[in-house]
Amino acid sequence: MGRTLKEAPSDADCVSHSYLVRSGMVQQVMTGVYSLLPLGWRTFRKIENIIREEMDAAGGQELMMPSLQPMELWEKSGRLPSFDKTLFTVRDRKDHIMALGPTHEEVITNLVGRIVQSYRDLPQLPYQIQNKFRDEPRPRGGLLRVREFFMKDLYSFDADEDGLDESYRKMVQAYKNIYRRCGLPAVMVEADSGAIGGKASHEFMLLVESGEDEIIFCPKCEYAANMEKATSIKPAGKAEDPLAVEEVSTPGLKSIEEVAGFLNVKADQTLKSVFYVCDGQVIFVVIRGDFEVNETKLKNVLKCTEMHMATEAEVQEAGIVAGYASAIGLKGIKIVADDSIKLGSNFVAGANKPDTHLKNVNFPRDFNADIVADIAKARAGDPCPKCQGPVKIERGIEVGHVFKLGTFLSERLGAYFLDKDGNSKPIIMGCYGIGLGRLLAAAIEQNHDDKGIIWPLPIAPYQVYLCSIKADDANVAAKAEKLYNDLTAAGIEVLFDDRPESPGVKFNDADLIGLPLRIVISPRTLKDNGVEVKWRKDKETRNLPLEGLIEAVKGLLDKAV
RNA sequence: CGGGGUGUAGCGCAGCGGCUAGCGCGCAUGGUUUGGGACCAUGAAGUCGGUGGUUCGAAUCCACUCACCCCGACCA
């Protein structure tokens, strides 16, 4: 089953999507929802098995939890606002509303809380490999961001911080094993914990150009972090003696670039104002002109759940003079400043009246802020926060995320245990997720050429593409059939292309599907009583005799792992 | 949510008031081919996304609706 396509589907917007569809591995059912066809499902199950083995090896216990979840659990956990519209809901015949699980922390915490009574029952490492549902604002990239997806989620329950650290360490190691065994080098980076909440958190990234996430990393030391979380050292601006504030006319000049150019100063001599609305409240953000606001950091500083850039109407309503705004003399609006405003002097800033800016603005002499914190995006080239070496930026796809959750869920959902001294304490939690479909798609993003997929051996749907040329030749057909049976009997996974197609068609399909080893059997190779063998990733072919071929192929495959 | 775009055969597209809706790929049958997407012949396949309107006449114009795709949040 499955059919390869010569032309890319019109709605494919990235390589992995295009190849997944063209090679007949997936089919879209509706936006953000896909069927996995036999070929795709085989790869999927290989990834799943590797994950399962590593989870079991790390002490995990697999279980199953339902997709339908009571809203009551979500009300109890208090995470309803942060999931908001992402949560799919359904109604039963009595009009009772239920959730389709976007994750299972609520259910598992409730479950474990009812079983665990004593510190003697801890630690616990239950996990599941199941589908989850999230009504994403914009599904995209084929399997990269979808609304229904399979996820491996393991949850750790410990009696104390040391236990959590140990569970976390075990999982990090298990994750490293998983990516290594899949043949997919992933890097571990510091991460923001987002809607899930909690303290420490790391992501595992597959580095690819097309990735949605930006990663800051230091080539000199071990430092690596998601852009959302990353810091770099901010170079100081000019340190001058504060001068008297001076008004300058800047007609029609609004952007930092325009103003700085007009006044002949650098961007780091200016203050930029940006406006957000956080949980309904207008926030005035000040940052040095050469930096940009990191919205994730800002959101965390403000501890708010919903945040968006203020619309023009919202800006106007707040009485802000767009284009010429600054924090100077501003009243009734919460001001958040990036700490970069302390690194410099005699800044240019808006005058809060049209077509006018102020020179020689200094903090805190001329204005104040309700919060001063690091809310800037880290920049490539700036010094590393750990070792001062210049940091770099790369793009990647998030293929795993681990969190130290702490106790907020166990407290809210009533998962307590008695410690040695008979005191009731909340269980300390962690959670550890891998999106299987995302990992599959990311593998293709990282491993392909202009002909098609180049599967890493451990997760290829089959190991060998056996291809007969002139398949209707009785001799070829018989030898090919025997070879297929022998290889299969020897435990080698073979996709047998015995279609009576022309060589070009078969070779192109072989390249598209991307199985690691291609074996061609044809009248030509049979003249020497042999076959032709070629690795998908290589250009060269070589001929091997039919005699002893099974062992030879086995040897090749074993060596390749 | 805002903005834009597209729905015509399994896939990719053309047709954009004039009556029997086309092309390429794929599919079926027969024949010639067989080491990098072969060729000839014949053939099957379409409620032109849906509903309503305008018109002698609608795939084509209008309205609504549904589906799918893309873009957007440093502009202050």
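Numbers restart at 1 for each chain; the letters A, B, ... are given by sequence-line order, proteins then strands.
- One can place CZ of A:R499 at 12 Å from P of B:rG26, the figure rounded to the nearest angstrom.
- Straight-line distance from the NZ atom of A:K299 to the P atom of B:rA73: 16 Å, rounded to whole Å.
- Remark: B:rU42 base-pairs with B:rA28; criterion is Watson-Crick or G-U wobble with both hydrogen-bond distances under 3.5 Å.
- With respect to A:D339 and A:K234, a salt bridge is recorded, a charged nitrogen being found less than 4.0 Å from a carboxylate O.
- Figure legend. B:rC61 is base-paired to B:rG53; pairs are counted as Watson-Crick or G-U wobble with both atom distances under 3.5 Å.
- B:rU65 and B:rG26 have their C1' atoms separated by 33 Å, given to the nearest Å.
- In this structure, B:rG17 makes no Watson-Crick or G-U wobble pair, since no nucleotide meets both defining distances under 3.5 angstrom.
- Residue A:R138 places none of its side-chain N or O atoms closer than 4.0 Å to OP1 or OP2 of B:rC69.
- Both distances falling under 3.5 Å, in either a Watson-Crick or a G-U wobble arrangement, place B:rC23 opposite B:rG12.
- Within a 6.0 Å radius of CD in A:E258, other residues, nucleotides and ligands contribute more than 12 heavy atoms.
- Between the NE2 atom of A:H308 and the P atom of B:rG3 there is a distance of 16 Å, rounded to whole Å.
- Across all strands shown, B:rC48 forms no Watson-Crick or G-U wobble pair with both key distances under 3.5 Å.
- Within the shown strands, nothing qualifies as a pairing partner of B:rA73 under the Watson-Crick or G-U definition with both distances less than 3.5 Å.
- The partner of B:rU6, taking Watson-Crick or G-U wobble pairs whose two distances both stay under 3.5 Å, is B:rA67.
- Under the 3.5 Å distance criterion, with hydrogens and angles disregarded, no donor-acceptor pair is assigned to the side chains of A:N352 and A:Y324.
- With hydrogens and angles left out, the side-chain atoms of A:H448 and A:E445 include no donor and acceptor closer than 3.5 Å.
- Ion pairing between A:K229 and A:E203 fails under the 4.0 Å rule for side-chain N and carboxylate O.
- Distance A:E136 CD to B:rC1 C1': 15 Å, rounded to the nearest Å.
- Atom CD in A:Q28 sits about 17 Å away from atom P in B:rG7, given to the nearest Å.
- Judged by the 6.0 Å and 45° rule, A:R147 forms no cation-pi pair with A:F88.
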(request) Summarise protein proximity over nucleotides 28-41 of chain B in one line of letters, 5' to 3': B for base, S for sugar-phosphate only, - for none, counting protein heavy atoms closer than 4.0 Å. (result) ------BBBBS---
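- A cation-pi arrangement is not found for A:R134 relative to A:F149, the charged atom failing to lie both closer than 6.0 Å to the ring centre and inside a 45° cone about the ring normal.
- Computed from coordinates, the A:H17 NE2 to B:rC11 P distance equals 13 Å when rounded to whole Å.
- Rounded to an integer number of Å, the gap from CD of A:E212 to P of B:rG72 is 11 Å.
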